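Structure, as structure tokens:
Side-chain atoms are counted along with the backbone in the values below, which use heavy atoms only and exclude waters and symmetry mates. Labels below follow one simple rule: chain letters A, B, ... track the order of the sequence lines, proteins then strands, and each chain is numbered from 1. For clarity, every value in this text was computed on a predicted model and none was experimentally measured.
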Protein chains: 2
Amino acid sequence: MALNERKIKILQAIINDYIETAEPVGSRTIAKKYNLGISSATIRNEMSDLEEMGLILQPHASAGRIPSDMGYRLYVDHLMQKHELGEKEKTVMQSVIANNISQIDYLMEETAKAISHLTNYTAIITEPVNRSTRIKQIRLMPLDSASLLLVIATENNFIKNHVVKVGIAPSDEEVLHLGSCINAVLQGHTLQEIDGVLIGRLKNALGEYQEFLPNILKDIESTIRAAEKVQVHMSGTKNILAFPEFSDIDKARSLFQALEEKDVLVTLLEEGQGNDLQVLIGSENTVQSMKDCSVITATYKMGEETRGTIGIVGPTRMDYSQVISVLNGMVENIEKTLKKLSDGSKNT
Amino acid sequence: MALNERKIKILQAIINDYIETAEPVGSRTIAKKYNLGISSATIRNEMSDLEEMGLILQPHASAGRIPSDMGYRLYVDHLMQKHELGEKEKTVMQSVIANNISQIDYLMEETAKAISHLTNYTAIITEPVNRSTRIKQIRLMPLDSASLLLVIATENNFIKNHVVKVGIAPSDEEVLHLGSCINAVLQGHTLQEIDGVLIGRLKNALGEYQEFLPNILKDIESTIRAAEKVQVHMSGTKNILAFPEFSDIDKARSLFQALEEKDVLVTLLEEGQGNDLQVLIGSENTVQSMKDCSVITATYKMGEETRGTIGIVGPTRMDYSQVISVLNGMVENIEKTLKKLSDGSKNT
DNA sequence: TGTTAGCACTCGCTCTCATAGAGTGCTAAC
DNA sequence: GTTAGCACTCTATGAGAGCGAGTGCTAACA
């Protein structure tokens with residue numbers, strides 16, 4: 001059976017209408033609402049064909065049709081029109097980078113918020129990962145009479161502070177000096193590279209304040225581990241409750257539960273690692289609890305290398321076109337910001 | 001009508017049973033389950049009295065009884081037995097402070113998580129507020145060739161980092177030195193105190209790097225504003241979905257909505273400012289959207305001064321005793337930690 | 001041969017009604 | 001004062017009827 005022009009128009013009408021209303025679409029509705037110049041009876045015949053082809057289906061015998069996962073797939077691959085970003089969308093996106101974010105985690109958090117806000121779906125984002133993170137700067141700062149502040153910056157401007165408790169703090173100058181010495185020893189090294197030799201040098205650097213050493217080493221480790229771990233940000237889980245698809249509280253709860261598990265999220269997002277943009281519709285998802293949802297992911301790069309993924313989860317009845325535009329826009333945002341950050345730190 | 005021993009026992013049985021099962025409690029249930037040595041008919045008579053007194057009510061004529069807000073009130077004020085913290089609860093609490101948290105925001109975040117985890121209700125917490133926050137330390141650190149890291153610590157060890165973009169960064173030594181100079185000028189001052197004179201001195205301190213000044217001032221302001229703003233942490237909103245009270249998705253949604261608005265949360269928490277511990281049951285809440293919920297708040301102090309509030313929101317059918325014990329335990333935790341932090345910074 | 005009007009049919013939704021069951025309140029006996 | 005017994009009330013459940021939306025099929029038409 002051929003998928004002629006007219007069938008395509010009808011399929012498109014069904015999908016558009018269903019995305020909008022969440023109600024099965026009948027032949028009369030299409031005849032009235034979309035001026036295709038044919039009667040409802042003809043539309044019925046065509047719909048019967050479309051159903052046979054597996055592109056639409058009936059929830060029950062006397063209901064209208066809804067798109068099948070396959071129907072959505074065809075729509076996404078061939079029919080869908082590109083969504084042009086509106087003023088509001090552009091403004092929100094701009095505002096994310098306008099905040100002049102210089103720390104990765106804030107950027108990711110803000111991006112997630114913006115995506116969920118713009119799409120009304122649930123946004124999930126992974127922070128950029130470095131297989132072996134290097135220490136960019138590590139410094140000591142005076143804090144008060146009994147503690148120092150250890151500040152560690154890794155590549156990507158992942159910055160963490162740790163308060164180091166000490167008996168009696170050295171003078172400000174001493175603290176700064178110690179920091180410089182530690183920095184001289186550790187700068188540019190990864191966690192793996194910290195061996196007996198380096199620790200020996202650290203001991204020298206710390207001199208009479210060797211007692212801090214175990215604490216400092218521990219904090220360095222936890223910072224680098226944190227930088228290496230896949231950090232996931234999520235925003236807009238509450239949006240789920242607004243969709244009629246999840247008006248059954250048990251369904252909503254089980255989805256909530258799945259989204260709470262970090263493993264599930266990471267699996268979802270890593271699924272799309274190979275492609276710039278990936279759309280997984282309903283049953284195409286390998287994660288069991290997402291069989292009724294669609295997951296759209298996009299990856300962002302630094303240079304040629306893929307660094308992380310941003311994505312959304314929502315009902316299969318989703319505004320694919322808008323989501324894809326928003327995700328693409330956000331990828332651009334992120335890549336621009338990452339480039340700025342790395343340009344700044346090129347020749348440290 | 002007197003509230004004799006027997007009536008109290010019956011009321012207690014009704015409340016306990018209802019907290020456990022969420023089903024209206026009938027006279028026969030009480031007669032069978034709680035060995036009060038009286039027949040269901042007698043219990044019925046007593047229940048009739050309790051209803052007249054407003055302590056219990058019938059959802060409909062042929063149903064069992066459920067406690068009224070007034071009934072819960074009596075229970076909370078006079079009947080409830082103190083809940084002794086179990087092993088698991090103690091362990092979770094310990095683990096919060098065992099992490100050796102030295103930054104307020106982490107402490108609050110972890111506390112919120114622990115509370116919602118232990119109680120299965122939704123935890124809300126405000127960070128300690130200082131009316132006029134002073135700068136404890138402010139330093140510059142080298143970051144890379146085109147940016148410096150500005151680190152600001154206020155009292156309470158509220159620490160923030162800001163990346164300051166510069167054309168070409170000065171040498172490490174210069175950066176540290178500049179930081180020390182800025183620190184010398186600003187340490188111990190509040191935002192209000194930064195006036196022309198201080199800014200003049202800052203200009204001197206920065207010398208040829210005056211171009212950073214506007215940025216630095218902006219970051220100082222945002223850091224101090226952030227430290228002064230009431231920060232609210234929330235955890236466990238998802239728990240709400242698990243209660244039969246909110247199996248109606250609209251109810252769940254409207255509560256979610258209310259919890260999303262920071263104003264509502266702040267109002268909820270500030271309600272209890274005067275008391276160490278406050279229990280607001282159902283209609284006792286002034287916030288409209290909480291009329292079906294109970295809100296329990298506890299305040300924590302530093303020295304004699306109240307600094308913040310921790311609390312939970314849940315259905316009126318709540319395990320008041322357990323929640324109160326958990327909150328009290330957490331207050332102790334927080335106060336201990338705050339004390340440690342402030343002892344460390346006493347003579348800066 | 002494709003299109004359309006007409007019509008019978010299907011099936012979910014809603015309303016009504018009957019029934020069962022839980023729980024009460026009242027009465028009378030202990 | 002307590003309790004057994006019983007009539008009564010009200011909800012929850014399920015069956016059955018009617019409605020309406022929408023289909024599929026047939027026959028007529030261009």
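- Annotation for B/Ala13 and B/Ile30: closest pair CB-CG2, 4.2 Å, computed over non-hydrogen atoms.
- In summary, of the residues considered (B/Val313, B/Val323, B/Asn239, B/Val326), a side-chain contact (heavy atoms from CB on, under 4.5 Å) with B/Tyr121 occurs for B/Val323 alone.
- Closest heavy-atom contact between A/Arg253 and B/Leu241: NH1-O, 2.7 Å.
- A pairwise comparison of heavy atoms in B/Met330 and B/Ala114 identifies CE-CB, 3.4 Å as the closest pair.
- Near-neighbour residues of DNA chain C inside residues 20-35 of chain A, defined by a heavy atom below 4.0 Å, are absent.
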- Does the side chain to side chain contact (heavy atoms under 4.5 Å, CB included) test come out yes or no for A/Leu259 and A/Ile240, once each step is laid out? CA-CA 11 Å; A/Leu259 290 178; A/Ile240 290 167; 3.5 Å; yes
- Show your working on side chain to side chain donor-acceptor pair (under 3.5 Å) between A/Asn16 and A/Tyr34 and close with a plain yes or no. CA-CA 11 Å; A/Asn16 287 337; A/Tyr34 304 81; 5.5 Å; no
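- Here D/dA4 presents its P atom at 12 Å from CD1 of B/Ile38, a figure rounded to the nearest Å.
- Remark: DNA chain C forms stems of 3 or more consecutive Watson-Crick or G-U wobble pairs, all pair distances under 3.5 Å, at C:1-30 with D:1-30.
- In this structure, CD of B/Glu46 is placed 19 Å from P of C/dG23, rounded to the nearest angstrom.
- Rounded to an integer number of Å, the gap from CD of A/Gln58 to P of C/dC11 is 10 Å.
- At whole-Å resolution of the value, CD1 in B/Ile43 and C1' in C/dG23 are 13 Å apart.
- A donor-acceptor pair is defined here as one N or O able to donate and one able to accept, closer than 3.5 Å; no such pair exists between the side chain of A/Ser294 and the backbone of A/Gly314.
- Not one side-chain nitrogen or oxygen of B/Arg44 sits closer than 4.0 Å to the OP1 or OP2 atom of D/dA4.
- The closest side-chain heavy-atom distance from B/Leu327 to B/Ile310 is below 4.5 Å.
- Taking atom CG of B/Asn45 as the reference point, atom P of C/dT24 lies 11 Å away to the nearest angstrom.
- A straight line from CG of A/Leu36 to P of C/dG2 spans 19 Å, rounded to a whole angstrom.
- A donor-acceptor pair under 3.5 Å links the side-chain atoms of A/Thr91 to the main chain of A/Glu87, judged by distance alone.
- Every residue meeting the ring-ring contact (aromatic ring centres under 6.0 Å, His included) condition with A/Tyr320, not counting sequence neighbours, appears here in chain and number order: A/Tyr72.
- When the side-chain nitrogen and oxygen atoms of A/Thr42 are compared with OP1 and OP2 of C/dT3, none of them lie within a distance under 4.0 Å.
- Look at CG on B/Leu50: it is 17 Å from P on C/dG23, rounded to the nearest Å.
- Across residues 59-67 of chain B, B/His60, B/Ala61, B/Ser62 each have a non-hydrogen atom less than 4.0 Å from an atom of DNA chain D (numbered order).
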Contacts under 3.5 angstrom, residues 75-83 of chain B side chains, donor-acceptor by atom type, not counting sequence neighbours:
unit_1	atom_1	unit_2	atom_2	d
B/Asp77	OD1	B/Arg73	NH1	3.1
B/His83	NE2	B/Glu89	OE1	3.1
B/His83	NE2	B/Glu89	OE2	3.2

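- In terms of heavy atoms, B/Glu284 sits closest to B/Val279 at OE1-O, 3.6 Å.
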Could I get a table of every N or O pair under 3.5 Å where one atom is in the protein and the other is in nucleotides 28-30 of chain C?
none

- Query: Stepwise, does the side chain to side chain contact (heavy atoms under 4.5 Å, CB included) test hold for B/Ile38 with B/Ile10?
  - Reply: CA-CA 11 Å; B/Ile38 47 178; B/Ile10 292 173; 4.3 Å; yes
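- One can place CE of B/Met47 at 16 Å from C1' of D/dT3, the figure rounded to the nearest angstrom.
- When all heavy atoms are compared, the tightest approach of B/Thr286 to B/Glu271 is OG1-OE2, 2.9 Å.
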